[in-house]
Number of protein chains: 2
Amino acid sequence: MSRERQIDDDLLENLPLPTAAFFVLFALAEGEKHGYRIMQDIRELSGGTFSVGPATLYTTIKKLSDQGFIGETTDSGEDRRRIYALTRTGKRLLDAEFRRQQQLLDLARRKRILRIGEQK
Amino acid sequence: MSRERQIDDDLLENLPLPTAAFFVLFALAEGEKHGYRIMQDIRELSGGTFSVGPATLYTTIKKLSDQGFIGETTDSGEDRRRIYALTRTGKRLLDAEFRRQQQLLDLARRKRILRIGEQK
DNA sequence: CTCCTCTATATCGGTTTATGATATATCCAA
DNA sequence: TTGGATATATCATAAACCGATATAGAGGAG
């Protein structure tokens, strides 16, 4: 349990996630995907209000991959596509980011700054 | 109402907010404050996990001020402090950002990606 | 067959955002 | 009187973001 704590503390240093990184992890949380698909799904996830272009996408993928938060599936093989998936740590990171965001929203409600969604 | 819509559409282009801008607006939503106080309160709001230094703070304040999302209170007078407050538009912007975040969290729950806080 | 669009990955050049360090000055308490 | 907290500000640099462009395969329209 203190080991779990330690890992979470390490993750905490990566929060708040950069927007692009957050969305890439979010998209991959639905299942493994290739880059172009991630790009499309981010547009959909955000309701069309947000999108990443190839420059942001592939540099973000590179970084997340180097950090060990996502990994390329080994079975890619013949295809020109490169399939990515969340690692265990990547899942935890995304979860920590979600919790961080929710805590802030809850705080905003307690402070009466945000007045929507107060139904217990 | 279509006028309200239009204004919201303008605000939408500013989302997602940069992290520092989000926290400055959040801090000011509690009431008018001077820069240094905003800095302290951001640390507190984030539970100590996030903080902005003077460089980020004052450049962010400058930008938000130029954009008309915050304003300097005219009555500052003698003091060396410069007091800032949210403008009407600034309030709306923060609210739009909160709603954007909450919608994503709700979506994550519907997709069973996020499994906390599901109590209706 | 050729052209166009979509898929798919990648990088270049430049802007925006973030940050540690430093500077300046006031205030107060040890 | 010195040292820490308050308070604002900028410099130089790094991280994040993004439009444009490049390359290439795949599929359909004319």
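Just so it is clear: chains get the letters A, B, ... in the order the sequence lines come, proteins before strands, and each one is counted from 1. Treat the numbers as computed from the prediction; the structure is a model and nothing was measured.
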Kindly give the atom pairs (protein nitrogen or oxygen, nucleotide nitrogen or oxygen) under 3.5 Å for nucleotides 21-26 of chain C.
from	atom 1	to	atom 2	distance (Å)
C/dT26	O2	B/Arg80	NH2	3.3

## Note on the structure
From the list A/Thr89, A/Leu93, A/Ile61, A/Thr87, side chain to side chain contact (heavy atoms under 4.5 Å, CB included) with A/Ile70 holds only for A/Ile61
Between [X] ([atom1]) and [N] ([atom2]), how many Å, whole number?
X	N	atom1	atom2	result
A/Gln67	D/dA16	CD	C1'	12 Å
A/Asp41	C/dA8	CG	C1'	14 Å
A/Asp66	D/dA15	CG	P	13 Å
B/Leu15	D/dC17	CG	P	15 Å
B/Arg37	D/dA5	CZ	C1'	15 Å
A/Phe23	D/dA16	CZ	P	16 Å
A/Lys62	C/dA10	NZ	P	10 Å
A/Leu64	D/dA15	CG	P	15 Å

### Query
Does B/Lys33 reach the main-chain N or O of B/Ile83 with its side chain, forming a donor-acceptor pair under 3.5 Å?
no
### Task
Please confirm whether the backbone N or O of A/Tyr84 pairs with a side-chain atom of A/Glu72, one donor and one acceptor, at under 3.5 Å?
no
### Task
Mind jotting down which residue pairs meet the side chain to side chain donor-acceptor pair (under 3.5 Å) criterion with at least one end in residues 42-65 of chain A? Sequence neighbours excluded, please.
A/Lys62-A/Asp66
#### Entry: Among B/Gln103, B/Glu97, B/Gln102, the one residue meeting side-chain hydrogen bond (donor to acceptor under 3.5 Å, both in side chains) with B/Arg100
B/Glu97
### Task
For residues A/Phe50 and B/Leu12, determine if any side-chain heavy atom of one lies less than 4.5 Å from a side-chain heavy atom of the other.
no
Any side-chain N or O of [X] below 4.0 angstrom from OP1/OP2 of [N]?
X	N	result
A/Tyr58	C/dA10	no
A/Lys63	D/dA16	yes
B/Gln40	D/dA5	no
A/Tyr36	C/dT7	yes

### Query
Reckon A/Thr59 touches a base, only the sugar-phosphate, or nothing at all at heavy-atom distances under 4.0 Å?
nothing
#### Entry: A/Arg99/A/Asp95 salt bridge by N-O under 4.0 Å criterion
yes
### Query
With respect to the side chain of A/Arg81, which nucleotide from D/dC17, C/dT19, C/dT9 is positioned closest?
C/dT9
